[in-house]
Amino acid sequence: MSVGIFDSGLGGLTVWDAVTRRLPDLAVTYYGDNANAPYGTRTSEDVHRLTRRAVEAMWDGGCDLVVLACNTASAAALRRMQEDGVPEGKRVLGVFVPLIEAMTERNWGDNSPPREVAVNQVALFATPATVASRAFQRELAFRAIGVDVEAQACGGVVDAIEDGDMILAEALVRSHVDALKRKMPTPNAAILGCTHYPLVQDAFQAALGADVKVFSQADIVAESLADYLSRRPAMAAGGTSRMLTTGDPEKVSARATQFLRRGITFQAA
Ligand code: DGL
């Protein structure tokens, strides 16, 4: 069996890249629902339906553990899927908790009461659906007190990245950072709460300024997955690696190769 990494499209490749570097011997199935991307402008009901369908296909395809490497899917579907119950021996995890644990300097599974942390003015950049869900603020409130979060829905950035138009994506980043700064002039930390955003991380950092600490998920999620699997080695045993897409494999392979600057070949899901 292989470990599944799910995203609405190409953004989860940032997590896939970090995971395959951190765990080079792990068999990983990447599943991009490119035919239905972007998720970030859909209703939460729709995101839940699409995410559930893809995760069930991954479970049926032999992945015992699926990581939702998509904040929008994690925000709209994860809690509901876990509450509805997952099949025997199967697991689904999201990307918010590892990020918040890193930001609040907690170890995995530290369930102690919320406490004050080093950062207190946090800018959250995410898709409209993730911002509307308030899932980030809810998870943060379990772990930290005294943190102001100002969220900026970054309309258009995912579409520009999926289209390969990085000049437009960077211009949109600058205007979203300006909009955020009008609401919170001096954030001391920023969360890139969408898997696509590491592809324009330099633009975020430049617009925010060097003294703002930017938390980006890929390495944090890879480290947290390595820790999780070290405690459940059976979930990491055997299997073969595959790249699956619901979109056009040729087009998606070309875009993925352009993003990661190494040859990536997708096949039809
Ligand atoms: N990559 C997804 C995320 O992390 C969102 C992209 C989309 O809108 O489909 O939120």
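As the structure lists them, so they are numbered: ligands from 1, and atoms in each ligand from 1.
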So that I can tick it off, tell me whether [Y] and [X] are bridged by a salt bridge, with the cut-off set at under 4.0 angstrom between side-chain N and carboxylate O.
{"X": "Glu250", "Y": "Arg255", "result": "no"}
{"X": "Arg52", "Y": "Glu56", "result": "yes"}
{"X": "Asp17", "Y": "Arg21", "result": "yes"}
{"X": "Glu45", "Y": "Arg80", "result": "yes"}
{"X": "Arg231", "Y": "Asp227", "result": "yes"}

Which atom pairs, nitrogen or oxygen on both sides, join ligand 1 and the protein at under 3.5 angstrom?
from: ligand 1; atom 1: 1 (N); to: Asp7; atom 2: OD1; distance (Å): 3.2
from: ligand 1; atom 1: 1 (N); to: Thr195; atom 2: OG1; distance (Å): 2.6
from: ligand 1; atom 1: 1 (N); to: His196; atom 2: ND1; distance (Å): 2.9
from: ligand 1; atom 1: 4 (O); to: Asn71; atom 2: N; distance (Å): 2.8
from: ligand 1; atom 1: 4 (O); to: Asn71; atom 2: ND2; distance (Å): 3.1
from: ligand 1; atom 1: 4 (O); to: Thr195; atom 2: N; distance (Å): 2.8
from: ligand 1; atom 1: 4 (O); to: Thr195; atom 2: OG1; distance (Å): 3.2
from: ligand 1; atom 1: 8 (O); to: Tyr39; atom 2: N; distance (Å): 3.3
from: ligand 1; atom 1: 8 (O); to: Gly40; atom 2: N; distance (Å): 2.7
from: ligand 1; atom 1: 9 (O); to: Ser8; atom 2: OG; distance (Å): 2.6
from: ligand 1; atom 1: 9 (O); to: Tyr39; atom 2: N; distance (Å): 2.6
from: ligand 1; atom 1: 10 (O); to: Asn71; atom 2: N; distance (Å): 3.4
from: ligand 1; atom 1: 10 (O); to: Thr72; atom 2: N; distance (Å): 3.1
from: ligand 1; atom 1: 10 (O); to: Thr72; atom 2: OG1; distance (Å): 2.7

Output yes when a side-chain donor or acceptor of Gln82 lies under 3.5 Å from a complementary backbone atom of Val92, and no otherwise.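 Answer holds: yes.
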